[in-house]
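Structure first, commentary second.
None of these values were measured; they are calculated from a predicted model. Chain naming here is simple, since letters A, B, ... match the order of the sequence lines and numbering starts at 1 in each.
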Amino acid sequence: MTPYTFDHNAFAATLRSAYAHLVDGEESGVVVKVAGRVMLLRTQGKLAFATLRDSSGEIQLFALAALTEDFEGFTKLHLGDWVGVTGEVVRTRRGELSVKVGSWVRLAEALHNFGDKWAGIADFDLRYRHREADLWANPASRESLVRRSQVVRSLRERCWAADFTEVETPMLNAIPTGAAARPFRTFHHALDSDFFLRIAPELWLKRLVVGGFERVFELGRVFRNEGVSPRHNPEFTMLELYAAYWNYRDMMAFTEELVAGVAMDVLGTTEIEYQGRPFSFATPWPRRTMAELASEAVGEEVSVHTPRERLSALLAERDVEAHPSWGPGRCLAELFEVSCEHSLWNPIFVTDFPVEVSPLARRHQGDPELTERFESYAACRELSNGFTELNDPVDQRLRFEEQARLAAAGDDEAMAIDEDYIKALEWGLPPTAGLGIGVDRLSMLIADESNIREVIAFPTLKPLKD
RNA sequence: GCGCCGGUAGCUCAAUUGGCAGAGCAUUUGACUCUUAAUCAACAGGUUCCGGGUUCAAGUCCCGGCCGGCGCACCA
């Protein structure tokens with residue numbers, strides 16, 4: 001029977017720093033209790049050395065037949081077993097800081113182990129399906145998840161510090177809305193109703209602003225029934241926040257400070273390497289309009305007012321066929337994506353998106369065909385999306401109706417009309433700016449990972465059939 | 001969803017032109033009083049992802065399926 005508790009009082013990392021002064025062969029006279037997993041075991045006749053890993057790091061266990069209780073049993077520990085050890089802190093003659101094992105107890109047995117002490121676990125299928133073994137075998141896997149945790153913590157603390165109230169909104173939605181995406185479908189038996197897993201918390205959050213929460217944020221999971229790739233997991237984490245009385249320029253300023261601040265909190269610098277290439281979070285980030293960037297890329301002046309025929313011809317030159325339902329706005333957005341996105345390495349704000357692709361954003365004060373919307377790009381991918389919120393219920397209804405026409409034309413990602421949301425706007429949404437940040441994407445940057453699965457503890461995998 | 005690549009012992013990986021399926025580590029047994037991926041000796045360990053086919057002979061070639069990686073599409 002293994003124990004139900006173990007009263008440990010020391011960690012590997014703190015012992016290493018507290019006893020750094022011990023010289024080779026010196027004994028401290030201090031007895032500590034440590035616990036963790038046996039990573040390596042080296043027996044040598046009447047001596048045995050084990051490498052113990054706890055949450056802080058690793059430290060050596062030094063067992064002697066003459067001193068250690070049940071020395072024979074100690075030498076028969078398996079790699080991966082959890083043990084609790086009581087013993088004196090010493091440095092061995094060969095210079096390794098150790099706990100000289102007096103008494104010890106096996107806290108849990110590892111019935112499986114991976115054996116290879118050098119290569120760890122390399123098989124992706126095994127690593128992701130049994131992340132617990134991956135985390136035990138591969139320190140780098142643990143490191144990436146720790147980075148993610150630090151990113152989440154930093155985002156939360158910075159939102160709290162800016163007086164945003166953290167809230168939670170429904171994941172089970174009668175209407176999937178707030179973004180353009182195919183939803184997951186589910187069913188509630190007692191209510192005898194279909195539900196959709198949320199694709200964004202956006203509309204709920206703005207309803208809270210209507211209700212008087214002037215600054216709110218939600219950090220949580222959203223679900224999109226779309227392709228899986230090294231940059232897309234079907235469920236992913238989004239930070240969304242809304243601030244009354246701000247516009248999109250205020251929100252851009254907040255966004256860059258937030259993201260650069262996370263880099264400072266987690267890494268202590270804004271200057272990093274991502275996938276072997278220098279990358280800088282340093283603020284301010286450039287602000288460029290979508291039309292400007294697209295014009296530069298295609299070598300002629302284009303905008304939302306360029307005739308659709310010209311835009312579709314430019315798309316065709318880039319092997320993109322403009323769908324008949326696309327107006328000039330959608331064409332411009334597509335042109336931007338195919339011609340600019342791949343070159344946006346350091347963070348940049350792309351601004352002034354067409355109304356046609358921004359059904360929840362307020363029209364631009366200088367051009368009613370544009371919106372006061374931005375997306376930030378980093379490492380050639382979208383990192384955040386924000387805008388001055390559309391708070392006119394009449395215009396919002398028109399935008400939803402346009403979405404409905406797209407849906408009728410076969411666009412299965414178009415938004416549905418949300419009458420409750422329109423009614424909320426009729427109660428009065430103050431001028432407000434909103435922001436969404438992909439937390440997994442940001443974590444990839446901070447953890448220097450190219451695969452989103454590395455920053456998700458248990459990524460979505462296809463279930464095994466028999 | 002499409003394309004390319006991969007799947008061999010518990011783990012990491014070999015296996016020539018189609019010719020007896022191997023090593024290291026882990027497990028088991030033994031030796032060893034300062035090891036560090038300890039070392040040394042011995043034993044054991046297999047539906048070569050699954051199902052068909054070609055062949056005297058298939059881990060290897062062909063067809064189908066499963067799972068994964070990458071790319072494309074979709075998207076954040």
field: Side chain of A:D125 (C-beta onward), nearest among B:rU12, B:rA37, B:rG68
entry: B:rG68
Any N/O pairs under 3.5 Å between the protein and nucleotides 27-29 of chain B? List them or say none.
residue	atom	partner	partner atom	Å
B:rU28	OP1	A:H78	NE2	2.8

- prompt: Can you list every side-chain hydrogen bond (donor to acceptor under 3.5 Å, both in side chains) pair that touches residues 19-31 of chain A, not counting sequence neighbours?
  reply: A:E27-A:K100
statement: Under a 4.0 Å heavy-atom criterion, the protein footprint on nucleotides 40-45 of chain B, written with B, S and -, is ------
task: Starting from the C-alpha separation in whole Å, work towards a yes-or-no answer on salt bridge (charged side-chain N to carboxylate O under 4.0 Å, His left out) for A:E454 and A:R127.
output: CA-CA 10 Å; A:E454 295 298 337; A:R127 287 189 51 224; 2.8 Å; yes
task: Quick one: label A:G227 by what it contacts on the DNA or RNA (base, sugar-phosphate, nothing), any heavy atom closer than 4.0 Å.
output: base
message: Please classify the nucleic acid contact of A:K46 as base, sugar-phosphate, or nothing, using heavy-atom distances under 4.0 Å.
response: base
- line: So OG1 of A:T255 and CG of A:L383: to nearest 0.5 Å the spacing works out to 9.0 Å
message: Taking any heavy-atom pair under 4.0 Å as a contact, classify A:P463: base, sugar-phosphate, or nothing.
response: sugar-phosphate
task: Look at the side chain of A:R129 and decide which nucleotide, out of B:rG68, B:rC11, B:rA38, has an atom nearest to it.
output: B:rG68
Shortest side-chain distance from A:I121, nucleotide among B:rG68, B:rA76, B:rU12: B:rU12
- request: Compare the minimum distances between each of B:rU36, B:rC67, B:rC11 and the side chain of A:K462, then state the nucleotide with the smallest one.
  value: B:rC67
- request: Just call it for A:D123: base, sugar-phosphate, or nothing, with non-hydrogen atoms closer than 4.0 Å on any strand.
  value: sugar-phosphate
